[in-house]
Protein chains: 2
Amino acid sequence: MTNIHDIARLSGYSVSTVSRVINHQKYVADDKRAKVEKIMHDLDYVPNRLARDLSKGRTKTIGVVLPYANHPYFARVVDGIVMAAFEAGYKITLLPTNYDMTVERQYLDQLRSKAYDALIFTSRSSQLETLERYRKYGQIVCCEDPGDDRPLAAAYTDRLGSFVSALNWAKQSGYEKMGVVLSRNNVISASTRMTRQAYERVYGHLEDRDLFTGAVKYEDGYRAGAYFAKLTPAVDAVFANGDDIAAGVHQYYLDHQLTPLPVIGQENLLSSRLLKFSTIDHHLEALGQAAFRLATAQSTTHELIKSDFIKR
Amino acid sequence: MTNIHDIARLSGYSVSTVSRVINHQKYVADDKRAKVEKIMHDLDYVPNRLARDLSKGRTKTIGVVLPYANHPYFARVVDGIVMAAFEAGYKITLLPTNYDMTVERQYLDQLRSKAYDALIFTSRSSQLETLERYRKYGQIVCCEDPGDDRPLAAAYTDRLGSFVSALNWAKQSGYEKMGVVLSRNNVISASTRMTRQAYERVYGHLEDRDLFTGAVKYEDGYRAGAYFAKLTPAVDAVFANGDDIAAGVHQYYLDHQLTPLPVIGQENLLSSRLLKFSTIDHHLEALGQAAFRLATAQSTTHELIKSDFIKR
DNA sequence: GGTTGACCTGGTACCGGTTTCATAAATTAT
DNA sequence: ATAATTTATGAAACCGGTACCAGGTCAACC
């Protein structure tokens, strides 16, 4: 493989000069520049990116931590990140965790090892304190509100506000008893925390029996539908953590000739449009774009993306 | 930033020994190994990945070329790739092209510059010849059948076979006139080529007026629905290049109180299950996994993933 | 007792670039 | 005419590792 020294030797100039030509810097005589460029072209030479990155100490690569790739939420966020990164000439590496803290830690160590300039956590299993400890090795962006006193950059949607809007609307629509579907029932998940908080604000204490957890996709929603269909006292409507999950709940009732249960979903996916139920659009592409911007900045700014409640 | 030389100096041993400790090689005395490990730990040392990769000449990173990230087809393929890569300790970088050949060329040049060990083309705009020319700089996998005599690795679904099955079923079901929806109406797209081929085999010549092109998402399908609703002579059914697009066609007819038009989609997405129309499951995750395996091998093997036609 | 081979260690070239610094010539300013 | 810049170029250190090779110790084997 031909390298910069070969070009230097063959052209008769120094590597410094060749480097200047490669990087389009000034202070190279026109004739020499032309000659070096010709030789580079003739030898089919391309500078080695690794050597460059090592020398410069940055990779122009950002790692995106997510549980798994094939989920509408993450797909939309990633799309926003990838688009913004493309515009800015950055590369995006996907880092799946499957919610494994150990794996997350490995990615944080890769940040330490300079494999990425920054990490974006679209979801996390580790404590925020853990992320903060790695802050000194590179920029870290998380996609939730980490609280004011935390030295982390953050881009997040207005979960609490939009959840409260949605639930208020549900209450005013006459749904007295509201069921809830969540993914992870733990305190790490911002979505879970905000849902509970909004629920308490609007409906008061959330009874365990009105809550179905462990739902990440349509089939889980279908199972949730089966659960709620048998529940007494019955719920009047269900607030789910995603449109496809809400669609599952809805479809279970349809498939079993029950009176359709009103559902509220999230993300404004195709399923909510097809089945015409209300949803919250979190503008996840915008979230991704914001997250990318923060990843390339060095601040610890927080950026709020407004969500829209879509009544159907 | 502390490096291997610091560790060597502070421990009193050579960089060779430290390197051996880092890489868990034998031929290091236990006491020295312990001392070096302690110093590495105390100094919070992590070896620099870039330096390592440069020295080794490989990155354990694979670039995945796709038009854009937020599309169910690519999301599923990428998911398969990412999972397989995770298992194998590889990293995946997403390379969006927006169908721009110039951008594709840039990614090929990045392969040349050793930024990736391999490239997977889930879609392409360039000619196959172009990809072949870059084969010598690294492994290249494409997700379509490149033909037997081409020196490219390939993983692809049985498009032609499954399309013929689907269209045969449609014909036998009494749909005499079949409309078709496609994305790109050019010869580069394997999906387009195979659809036309299957159509000719089952229905004969595809009339231009029975073809709607430029469809990549639901809204496009809806527009296609509007087109077919006005078409005379009308079509009896529509074969679309994706479930969400088929859903759009279907939904247009529903929304306008027309007799629902039978549609056949692809990918077995949620929309086809909700609206209960037939579809083809191309097992895209399996496709992604196969593509990854080929990317890390050095062969130019072809791998066919069987598709399933799902009648509904 | 000498040869063999496993074990241990360090020196150093190498991967392929960037960047600082020194030097000198050509311009420009005073 | 001289001082101060600007332009042009190369030598060499540096980024932070890996890997080959040489050299030395020590037990086993013939």
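Naming: A, B, ... by sequence-line order, numbering from 1 per chain.
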Q: Hey, could you give me each pair passing salt bridge (Lys or Arg N to Asp or Glu O under 4.0 Å) that has a residue in residues 20-42 of chain B? Not counting sequence neighbours.
A: B:K38-B:D42

Q: Is A:D6 salt-bridged to A:R9, cutoff N-O under 4.0 Å?
A: yes

Q: Without decimals, in angstroms, what is the distance between A:K114 NZ and D:dC15 C1'?
A: 12 Å

Q: At what angle, to 10 degrees, do the two end axes of the helix from C:dG1-D:dC30 to C:dT30-D:dA1 meet, given five pairs define each axis?
A: 30°

Q: Using a cut-off of less than 4.0 Å, is there contact between a side-chain N or O of A:K26 and OP1 or OP2 of D:dT7?
A: yes

Q: Quiz question: by atom type and distance under 3.5 Å, do the side chains of B:E104 and B:S126 form a donor-acceptor pair?
A: yes

Q: Passes side chain to side chain contact (heavy atoms under 4.5 Å, CB included), A:I92 versus A:L94? Steps please.
A: CA-CA 7 Å; A:I92 295 300; A:L94 295 188; 4.3 Å; yes

Q: How close do B:G147 and B:H302 get, heavy atom to heavy atom, and via which atoms?
A: O-CE1, 3.3 Å

Q: Do the side-chain N and O atoms of B:Y134 and B:D109 include a donor-acceptor pair separated by under 3.5 angstrom?
A: yes

Q: Quick one, which residues of residues 12-23 of chain A touch DNA chain C with a heavy atom under 4.0 Å?
A: A:S16, A:S19, A:N23

Q: Report yes or no: does B:N48 contribute a side-chain atom to a donor-acceptor pair with the main-chain N or O of B:L50 at less than 3.5 Å?
A: yes

Q: Quick one: sort the A:H71 and A:Y73 rings into parallel, tilted or perpendicular, breaks at 30° and 60°.
A: perpendicular

Q: Among residues 28-60 of chain A, which ones have heavy-atom contacts with DNA chain D below 4.0 Å?
A: A:V28, A:A29, A:K32, A:L54, A:S55

Q: Looking at A:Y27, I'd like to know whether one of its side-chain N or O atoms comes within less than 4.0 Å of OP1 or OP2 on D:dT7.
A: yes

Q: Consider only side-chain N and O atoms of A:Y45 and A:N3, and report whether a donor and an acceptor are under 3.5 Å apart.
A: no

Q: Roughly how many Å is it from CD in A:Q25 to C1' in D:dT9, rounded to a whole number?
A: 13 Å

Q: I'd like to know if the side chain of A:R159 and the backbone of A:T192 have a donor-acceptor N/O pair within less than 3.5 Å.
A: no

Q: Work out which heavy atom in A:R184 is nearest to a heavy atom in A:S125; give both atom names and the distance.
A: NH1-OG, 3.8 Å

Q: For B:M1 and D:dC14, what is the distance between atoms CE and C1' respectively, to the nearest whole Å?
A: 16 Å

Q: In whole Å, what is the span from the NE2 atom of A:H5 to the P atom of D:dG10?
A: 13 Å

Q: Considering residues at least two apart in sequence or located in another chain, which fulfil the ring pair (Phe, Tyr, Trp, His ring centres under 6.0 Å) criterion with B:Y107?
A: none

Q: From the options B:T93, B:D53, B:D117, select the one residue that forms a side chain to side chain donor-acceptor pair (under 3.5 Å) with B:T59.
A: B:D117

Q: Along DNA chain C, 5' to 3', what are the outermost nucleotides having an atom less than 4.0 Å from a heavy atom of chain B?
A: C:dC7 to C:dG16

